[in-house]
Each structure stands twice: as structure tokens, then as C-alpha cells.
There are 2 protein chains.
Amino acid sequence: MAIGFPLSLLVRKLESSALLSDEERRAIEGLPVATKIVPAHQDIVSDKEQTSRCCLVLEGWACRYKMLHEGRRQILSLHVPGDIPDLHSLHLEVMDHSLGALSQVTVGFLPHEAIRDLALRFPHLAGVLWRETLIDAAIFREWMTSLGRRDAYKRLAHLFCEMYVRLDVMGLVSDHSYRLPITQVDLSDALGLSNVHINRVLQELRHQELITLRGGVLTINKWPELAEAAEFDTTYLHLRSRPAA
Amino acid sequence: MAIGFPLSLLVRKLESSALLSDEERRAIEGLPVATKIVPAHQDIVSDKEQTSRCCLVLEGWACRYKMLHEGRRQILSLHVPGDIPDLHSLHLEVMDHSLGALSQVTVGFLPHEAIRDLALRFPHLAGVLWRETLIDAAIFREWMTSLGRRDAYKRLAHLFCEMYVRLDVMGLVSDHSYRLPITQVDLSDALGLSNVHINRVLQELRHQELITLRGGVLTINKWPELAEAAEFDTTYLHLRSRPAA
DNA sequence: CGCATACTTGAAATGTTTCAAATCGGGTGG
DNA sequence: CCACCCGATTTGAAACATTTCAAGTATGCG
């Protein structure tokens, strides 16, 4: 459904955290979009690049990441439909990291010029987009907290909770389940752990029956217990309505 | 000097990454500021708070941090004169972390209303402020990379490099030295390590004569070696002119 | 069927933490 | 001006979470 109307996905996303007027909604839906399918494990935008458009994720999972010497990778963020992972490129001329496809990803490209024009015509919308980048940063802060001060078990539990809420907002959760189209190596690079250890912690979560993960589908069996274990609190996602979960 | 003209500090900071017109400069310098001295180890803004003003650091070091259960603390960012650590509060109604004074700090309070008015009158300035929050996020990304994928030695070396460059931009470096008015415990909470380990790694950096740290003054004796060890690259700070160092 | 990729397992090595105690240093009051 | 005190730093040793290495087993796809 969503791919037929890429911009309605964006509207839904923005409305999860801010209020839009009819006029603003229409203006967004009038943006020019060029869609493209990017195969898994391929860069959408690379480190050091300068771009003149933003990427709207329409389908699949993307991530931002940094590589460092000896081939170590840190995944900085995960992106699902509705996200604009490189909205910052509007005001930062050069990329300080890469944006890559974790699964196969359908992206919609939005020209900077069109977004800037929108922001000038609708100052409130400019604020909404700014806000979007601020929520992005709020998520970074929560991840830093995980990376710095939570053990592996809590880190993984926290990530599962976060993705649950973010996907739920976009209507991508049903039966307490969502598609998790990424590997254990990806998880380990997101959480600053080794893939071996992710594997063991995953089993622990399974044995306690907090989650089920089979065939790329994650099910949260006991939300209260999982959220409790992760010390998960949605405040940092800055949603308009607190999710029930 | 700086405290007499708090807003010239802000101008200097903004001009480190963007160009301002004379008119914009004057407009900034016309902002209303209320200054206040906050003693060390005291909150400037607390988690969950809603504010109607932003804090400009004028003197001393502040930090943003999250507390989690069992009293663990993660410091999310360090802030030095010229920084506006809570510029995000302009568009995010509730704080998802705290802002505290590490040393004694002089802050200037800027009413949201005055900043919003400025942004409406000068759309380009709005972009410059937005950009400022994006650089803030870029620093988070670099810290995440440290927390997730760099060992203790590199983490500490990287932090020292970053603060060197950021302070240099504000004219707070001389003789390859800057004031480091924070404790080893603070460093450990910023880098996701224990204070004991910070202490040992600090000694390692000293024994290799990359740095000197005495009486709250850090001197970088061998910049090239330190930057090399940290894999430090200034790109993520998005400065207008690449620093020579 | 065969190959590649992802996942799983075990055992040893490692970086970092914890605990506990000792030392340093700067400021205060006697 | 010295004695004292507190917070910050330093040290050693044992414990621990996590990594590395290496091999094995599933799983999916052409």
C-alpha cells in the first residue's frame, strides 16, 4: 500500500510527533519523489559524500554506520519506513558516516531544494522537520546510554523495545510481532558487541520466553517483562501520544 | 573578557561553522540574556523538565547526562563556552536527560521566544541554529563509535583530541594546553568506563608522553601521535575551516 | 545437490570492573 | 602554620563480562 503513496508515509511519520494542518499535509504530499530499490548490503549514501537530496525509507531496513580501521563497524541508527535518515544533509554539506541498506530497501529521494522551499513557505513545517532531526539525536543519546552503561542483555532488550514502538507508530506491528530483516552481525554492530555474544544473549531472551525470533519475525511475548528488563521508557522518542504497548 | 559580552561568544561559536551577515550578527547580539552562576555538581536543567529558555555556556564545563537504575550515569556530551547544550528544547517540549554543571559554570539564559522571533525574521539564521543541533548530533555519532568500537585507550585519546579542537575554536587553547576542570569519575562516565580504568589508561598516555595532565591543565605534547592513536578526524565537527592543530 | 551465508557451540584469552586500601592535595579551622 | 579532613587519585588482586578463535550445524538459493 505505502509504496503507492510514498509521501503519505512521511505524513504519518511526522504526525506521530507533531500536528500538521491540512494545508501542510497537502504541501508535503506535493513534494517530488523519485523512488529506487537498493539491494541489501549496498550503500545508499557514502561517507564523505555531498548530496543534494534526502532519502525517505519506504520499505525495508537501512542503517547509518561508521567504519574504522581494522574493519570494525559501528551502526549508529536503524531506519524503517517513514524515516529520513539523512535529513541532516539539508544543512551539513558533507556526510560524516554512511547510509546503507541492511535488507533490500525501497527509498524515495526528495530534492533538498524542494524541502527548503517547503520550509520557507511553511515555517511551522520547518520546525517539524527540525524537530525530526532532534528526535534522531534523542535516539542517539539513548543508544549512547546503552553502549556506555547497559550490559549486553539490557542493550538487546532495549533495542527490541525501541523498534517495536517505532514500527508500531507506522502500523508495522501486528500480533506483537514485527519483521526483523537483519542479521545477528548487524545487531552486534549496532550494540557494540560481538556476534557470538549477541547469539548467546538472544538465546537467553528466548529461554526466558520474553521473545520469539524465527524466520526474520520477532515476537515480543511479554512486553512488561521485556520493558522492565531493558529499563525502557518511551519519553526519548517524543511521540505525541504515549503508546500503550 | 567573554563574560562581559556573552553574545559575542555565541557569535564566535556560530561563525566557526557558518557564515553570518553583519545584520545577523547584530541581531544575535541584541538577544536578551540573563546570566547566572551555577556551582559545580548542580543541575542547570533536570530530566523531564519543560523549559522556556535555552542555556548558553559562558564559563566552565557543563554536561548532559542520563541516570539509570543502580546509580549508573552516562554523560552524553561535554559543553564548553559558546555551546548551547539545550538548543533542542526549542522544539522538544520535555527534557529526556539532565544538564548539569561539571565545574562551576556561568550560563546565559536565552528565552525561547526571542530565539523563535530571530528565526522567523532571519530564515538563514534559523538554518544556522538548526545546523548547530545537527553538529551536536554528529558529535553524538562519534561518541557512539567510541563507546561501541574503540578500546579505553583510544576513547580517551579521542576525547582529548575533540575537546582540543572545540576549545581551540573558541580561543581557549594556548601552548597546546587547555583547562580540564573535571574529575576522572566524570571522564569515566563520559566514556562508559570505570574510574579505576580511566586512571590506568591516563597513566599510559602520560608514560608515552602524549599528554601531560597536572592541576587541571591538559597539555597535548604530541598531537600527531595522539590523533593517530585515536583515529581522530575532524570532519564530524563540521567546521568552516579545517584546524591545523 | 552443492555452495554460501547465517547461526550455534565450546574453550581459552582478554579487557575491564569491582573491591578494598593507601596516598595525595588543597582548603579550613584551631 | 600546622593538623586535619575531604574529595580525588592511585595501586593491587580477584572476579567478571565479553571477545576471540575455531569448528560445527543449520538454512536458503541457484
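In what follows, every heavy atom counts, from backbone to side chain, and hydrogens, waters and symmetry copies are set aside. Chain A is the first sequence line, chain B the second, and so forth, proteins listed ahead of strands; every chain is numbered from 1.
Screening residues 137-147 of chain B for salt bridge (charged side-chain N to carboxylate O under 4.0 Å, His left out) gives K66(A)-E142(B), D96(A)-R141(B), E142(B)-R150(B) as the qualifying pairs, with residues at least two apart or on separate chains. Among residues at least two apart or in separate chains, salt bridge (charged side-chain N to carboxylate O under 4.0 Å, His left out) pairs with a member in residues 219-237 of chain A are K154(A)-E231(A), D233(A)-K48(B). Residues in residues 175-199 of chain A take part in these salt bridge (charged side-chain N to carboxylate O under 4.0 Å, His left out) pairs, two or more places apart or across chains: R73(A)-D186(A), R73(A)-D189(A), D189(A)-R149(B).
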Report, one line per pair, each donor and acceptor closer than 3.5 Å where one atom sits in a side chain of residues 208-219 of chain A; sequence neighbours left out.
from    : atom 1 : to      : atom 2 : distance (Å)
Q208(A) : OE1    : Y153(A) : OH     : 3.1
Q208(A) : NE2    : Y153(A) : OH     : 3.4
T212(A) : OG1    : N221(A) : OD1    : 3.3
T212(A) : OG1    : N221(A) : ND2    : 2.9
T219(A) : OG1    : S177(A) : OG     : 2.9

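The side chain to side chain contact (heavy atoms under 4.5 Å, CB included) test applied to V45(B) returns E49(B), T51(B), C55(B), D86(B), M95(B), L99(B), not counting sequence neighbours. Partners of R166(B) by salt bridge (Lys or Arg N to Asp or Glu O under 4.0 Å), not counting sequence neighbours, listed by chain and number: D83(B), E162(B). For the ring-ring contact (aromatic ring centres under 6.0 Å, His included) test, residues two or more places apart in sequence or in another chain that qualify with H88(A) are H97(A). Take D47(A) and apply the side chain to side chain contact (heavy atoms under 4.5 Å, CB included) test, not counting sequence neighbours, and it matches S98(A). Every residue two or more places apart in sequence or in another chain that forms a side chain to side chain contact (heavy atoms under 4.5 Å, CB included) with S103(A) is listed here: W61(A), V105(A), P181(A).
When the P atom of dT9(C) is taken as reference, atom CG of L202(A) falls 11 Å away, rounded to whole Å. In this structure, the CG atom of D186(A) is 8 Å from the P atom of dA6(C), given to the nearest Å. Summarising the geometry, the separation between NE2 on H207(A) and C1' on dT9(C) is reported as 12 Å, rounded to the nearest angstrom.
Chain A approaches DNA chain D over the interval dT18(D) to dC21(D), counting the first and last nucleotide 5' to 3' with an atom under 4.0 Å from its heavy atoms.
Rounded to 10°, the angle separating the first-five-pair axis and the last-five-pair axis of the helix from dT8(C)-dA23(D) to dG30(C)-dC1(D) equals 30°.
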Checklist entry - What string of B, S and - do you get for nucleotides 16-27 of chain C, 5' to 3', if B is base contact, S is sugar-phosphate-only contact and - is no contact with any protein heavy atom under 4.0 Å? => result SBBB--------
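Side-chain atoms of R155(B) and S146(B) include no donor-acceptor pair closer than 3.5 Å.
In this model, the phosphate group of dT8(C) is approached by a side-chain N or O of Q184(A) to a distance below 4.0 Å at OP1 or OP2. Contact annotation: N199(A) side-chain N/O to dC7(C) OP1/OP2 distance is not under 4.0 Å. At the phosphate of dC7(C), neither OP1 nor OP2 sits under 4.0 Å from any side-chain N or O atom of R214(A). Between dC7(C) and Q203(A), no contact under 4.0 Å exists linking OP1 or OP2 to a side-chain N or O.
Distance alone, capped at 3.5 Å, is enough to place a donor-acceptor pair between the Q74(A) side chain and the A190(A) backbone.
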